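What follows is a set of notes on a single structure, which appears directly below.
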Amino acid sequence: MAKRKHGSVPLKKDEITPKPLYDSRRKFLKQMGFLGMGAVLASCAPAPAATSAPPAEPTGGLATLTGLTDELGNPLTDYNAVTGYCNFYEFTTNKEKVDEQAEDFVPEPWSVEVGGLVNNPRTFTMSEILETFDQQERIYRMRCVEGWSMVIPWLGFPLRQLLEEVEPTSEAKYVAFQTAMLPDVMNGVNSMMFPFPYLEGLRLDEALNDLSLLATGLYHESLPPQNGAPIRLVVPWKYGFKSIKSIVKISLVTDQPYTMWNTIAPQEYGFYANVNPDVDHPRWSQGTEIRIGENQRRDTLYMNGYADEVEYLYEGMDLAVYY
Ligand code: MTE
């Protein structure tokens, strides 16, 4: 297979569809078959099998109407599904309630501390981030480890650009990320069910790949609270749990950092978490997925369809071992 240049972005940069003008989100979700499903869905925690993934819904939505697609021809997932069906355990484990629970989360003022093994440690305010880094539109597929997926038009900038500003030293091998912990507004962090703060990590070369995005918006607007306002990671070739939300701290480190899911259940949620239909979750197959808005399961793509851009990162590694 002909390799594309590393760092090329396989993205269609057509005009992003404006968010739909639906007034009644709940009515919409009901029509889409979402309401009432929360209790049976697999969570990223030790969870029921993939047979409990979202049920079939009629194909449709604004993306289909406008014909806007990713580079493989997949229509965008409807705005109301992207923002109404979320995983953000600091608020609640009920995917349909995250938006309600996060209503009082006002992500400002906000700053992101970037430090560790770098020459220029720096704390960026959100305004500095938006002024310093040009925001790009990128349409990425997102595949949750639970077996559902979406196609989302993000706004953001390559993580690499932020790392270049702080200049990692030669000892830096990994990048560790941390989510805010705000018990006053995040009801879930008081539940003691999970060892918050939510932590994630990438190997430095993964972080420098052009696909690794720091997202500040979606569907042409600032990130809604439930999707990780005001800034989150998006790593489209990895399961969604790697895409940590509402980041307050980024540290360059020597050793592979602890991550929340890997700490809770290392046999189920690996550090690498590359989307791989050939490596099943211990309790369900990863061979297929439900694309939200579609009727039938579809085959899961190796590296979520981004192999040409990222497989060089894993040359010589047994991905059943480094899952
Ligand atoms: N980040 C934090 N801080 N807390 C979370 O619970 N959930 C992860 C990831 N990032 C999560 C998080 C999981 S499991 C997924 S699938 C994606 O966010 C979901 O992103 P979305 O809700 O914007 O679709």
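Please read all numbers here as calculations on a predicted model, not as lab measurements. Indexing begins at 1, ligand by ligand and atom by atom, following the structure's order.
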Original post:
Who gets closest to atom 13 (C) of ligand 1 by heavy atom: Trp261, Phe241, Trp148, Tyr239?
Top reply: Phe241
**OP:** Assess the side chains of Ser212 and Glu206: does a donor N or O sit below 3.5 Å from an acceptor N or O?
**Re:** no
**OP:** Check each heavy atom of Met142 against ligand 1 and say whether those closer than 4.0 Å belong to the side chain, the backbone, both or neither.
**Re:** side chain
**OP:** Please check if the side chain of Lys245 supplies one atom and the backbone of Asn87 the other of a donor-acceptor pair under 3.5 Å.
**Re:** yes
Subject >> Close side-chain approach of Leu218 and Glu137, heavy atoms under 4.5 Å >> reply: no
Original post:
Looking at ligand 1, does Ser243 have a heavy atom less than 4.0 Å from it?
Top reply: yes
Subject >> Per-atom contacts, ligand 1 versus Tyr89 - under 4.0 Å to a heavy atom >> reply: 5 (C), 6 (O)
Subject >> Short side-chain donor-acceptor distance under 3.5 Å, Gln101 and Asn187 >> reply: yes
**OP:** Answer with yes or no after comparing the ring centroid distance for Trp261 and Phe194 against a 6.0 Å cut-off, counting only values under it.
**Re:** yes
Original post:
With a 3.5 Å cut-off and no angle check, do the side chains of Thr300 and Glu289 form a donor-acceptor pair?
Top reply: yes
**OP:** Determine whether the side chains of Arg203 and Asn209 contain a donor N or O and an acceptor N or O closer than 3.5 Å.
**Re:** no
Subject >> Heavy-atom nearest neighbour of atom 17 (C) of ligand 1 within options Gly240, Ser246, Pro197 >> reply: Gly240
Original post:
Looking only at heavy atoms of Met150, does any of them come nearer than 4.0 Å to an atom of ligand 1?
Top reply: no
Original post:
Which ligand 1 atoms, with their elements, are less than 4.0 angstrom from a heavy-atom of Thr179?
Top reply: 3 (N)
**OP:** For ligand 1, indicate whether the residue Glu90 contacts it via side chain, backbone, both or neither (heavy-atom separation under 4.0 Å).
**Re:** side chain
Original post:
Does the N or O separation between Arg232 and ligand 1 drop below 3.5 Å for any pair?
Top reply: yes
Subject >> Per-atom contacts of ligand 1 with Cys86, taking only distances under 4.0 Å to non-hydrogen atoms >> reply: 22 (O)
**OP:** Just jot down the ligand 1 atoms closer than 4.0 angstrom to any heavy atom of Cys144, in number order.
**Re:** 16 (S)
Original post:
Which atoms from ligand 1 have a heavy atom of Asn227 less than 4.0 Å away?
Top reply: 21 (P), 23 (O)
Original post:
For residues Arg297 and Thr288, is any side-chain donor paired with an opposing acceptor at under 3.5 Å?
Top reply: yes
